[in-house]
Amino acid sequence: MHIYHLRRSEKEITDPAMMWAVIAGQKYMTLALSRDNIPYLVTVNYGCDQAAGCLYFHCAGEGKKMDYLRANPVVWGQVLEDHGYCDGKCDHAFRTVQFQGRVVFVEDIEEKRRALALMIEQLESDPEAVKARQLTEKAVARVTIGKVIIEAMSGKANHVA
């Protein structure tokens, strides 16, 4: 995949560890999907598995998102760490990671359980209590889990130390 260079190279994040830190520190990602040359954006919560180079999300087994992903599993995504508007500077402080990936749907029960645990850990202040309630055999079996296998990523930061 060809990666475009940033026009303002001083804002580029090149360290993969820093990009994964941005991803690990947020709760939502936006995915750009396309079907029949028609774009569709969706924002989902997620869990990240840096060692496997992937992000997991859950969704209904049917619907617009699934129709798009079945037709074209290639996605472009973004995770934003928003530090807010810089008052008086007409500027914004942020770190962002963009990525290209391919979505596959997880069928293996143990991988589903691990994916859900990662999502809960990323979202919850008390993840153990929630995992005990939510990771039942029945709940894990019926949930649809998408796995974004990241193929390329880039990052950018502005006014963030």
To the nearest 0.5 Å, how far apart are [atom1] in [X] and [atom2] in [Y]?
X	Y	atom1	atom2	answer
Leu31	Lys65	CG	NZ	8.5 Å
Leu80	Thr43	CG	OG1	10.5 Å
Ile120	Gln122	CD1	CD	12.0 Å
Ser154	Lys156	OG	NZ	10.0 Å

Polar side-chain atom of [X] near backbone of [Y] as donor-acceptor pair, under 3.5 Å:
X	Y	result
Arg102	Val148	no
Thr96	Val79	yes
Gln78	Met29	no
Lys27	Leu123	yes

Report task. Kindly determine whether Arg114 and Glu121 satisfy salt bridge (charged side-chain N to carboxylate O under 4.0 Å, His left out), including the steps that lead there. Result -> CA-CA 10 Å; Arg114 192 173 76 253; Glu121 289 165 6; over 6 Å; no
Check [X] against [Y] and note the closest heavy-atom contact, atom names and distance.
X	Y	result
Pro16	Thr14	CD-O, 3.1 Å
Asn37	Pro39	O-CD, 3.9 Å
Trp20	Leu55	CZ3-CD2, 4.0 Å
Ala117	Lys131	CB-CD, 3.7 Å
Arg70	Gly61	NH2-O, 3.0 Å
Arg95	Ala157	CG-CB, 3.8 Å

Does [X] reach the side chain of [Y], with side-chain heavy atoms less than 4.5 Å apart?
X	Y	value
Met66	Thr144	yes
Met119	Glu124	no
Met153	Ile23	yes
Val74	Gln100	yes
Tyr56	Asp49	yes

Query raised in the report: Mind checking whether Tyr40 and Tyr68 have parallel, tilted or perpendicular rings, split at 30° and 60°?
Result: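 Plane angle between 30° and 60°, so tilted.
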[X] with [Y], same ILVMFWY side-chain cluster at under 4.5 Å:
X	Y	value
Leu135	Ile145	yes
Val130	Phe57	no
Val42	Phe105	yes
Val103	Tyr28	no
Phe99	Met19	yes

Query raised in the report: Are Thr136 and Gln134 close enough, and set up right, to give a side-chain hydrogen bond (donor to acceptor under 3.5 Å, both in side chains), and what steps lead you there?
Result: CA-CA 6 Å; Thr136 67; Gln134 297 293 325; over 6 Å; no
Query raised in the report: How about Gln26 and Tyr46: does a side-chain donor come under 3.5 Å of a side-chain acceptor?
Result: no
Query - Leu69, Asp67, Asn72, Ile38 screened by side chain to side chain contact (heavy atoms under 4.5 Å, CB included) with Leu33, the one that passes - result: Leu69
Query raised in the report: Given the rule in the salt bridge (charged side-chain N to carboxylate O under 4.0 Å, His left out) test, do Lys112 and Glu107 qualify, once you have shown the distances and angles that lead to the verdict?
Result: CA-CA 7 Å; Lys112 279 184 167 187; Glu107 298 298 331; 5.3 Å; no
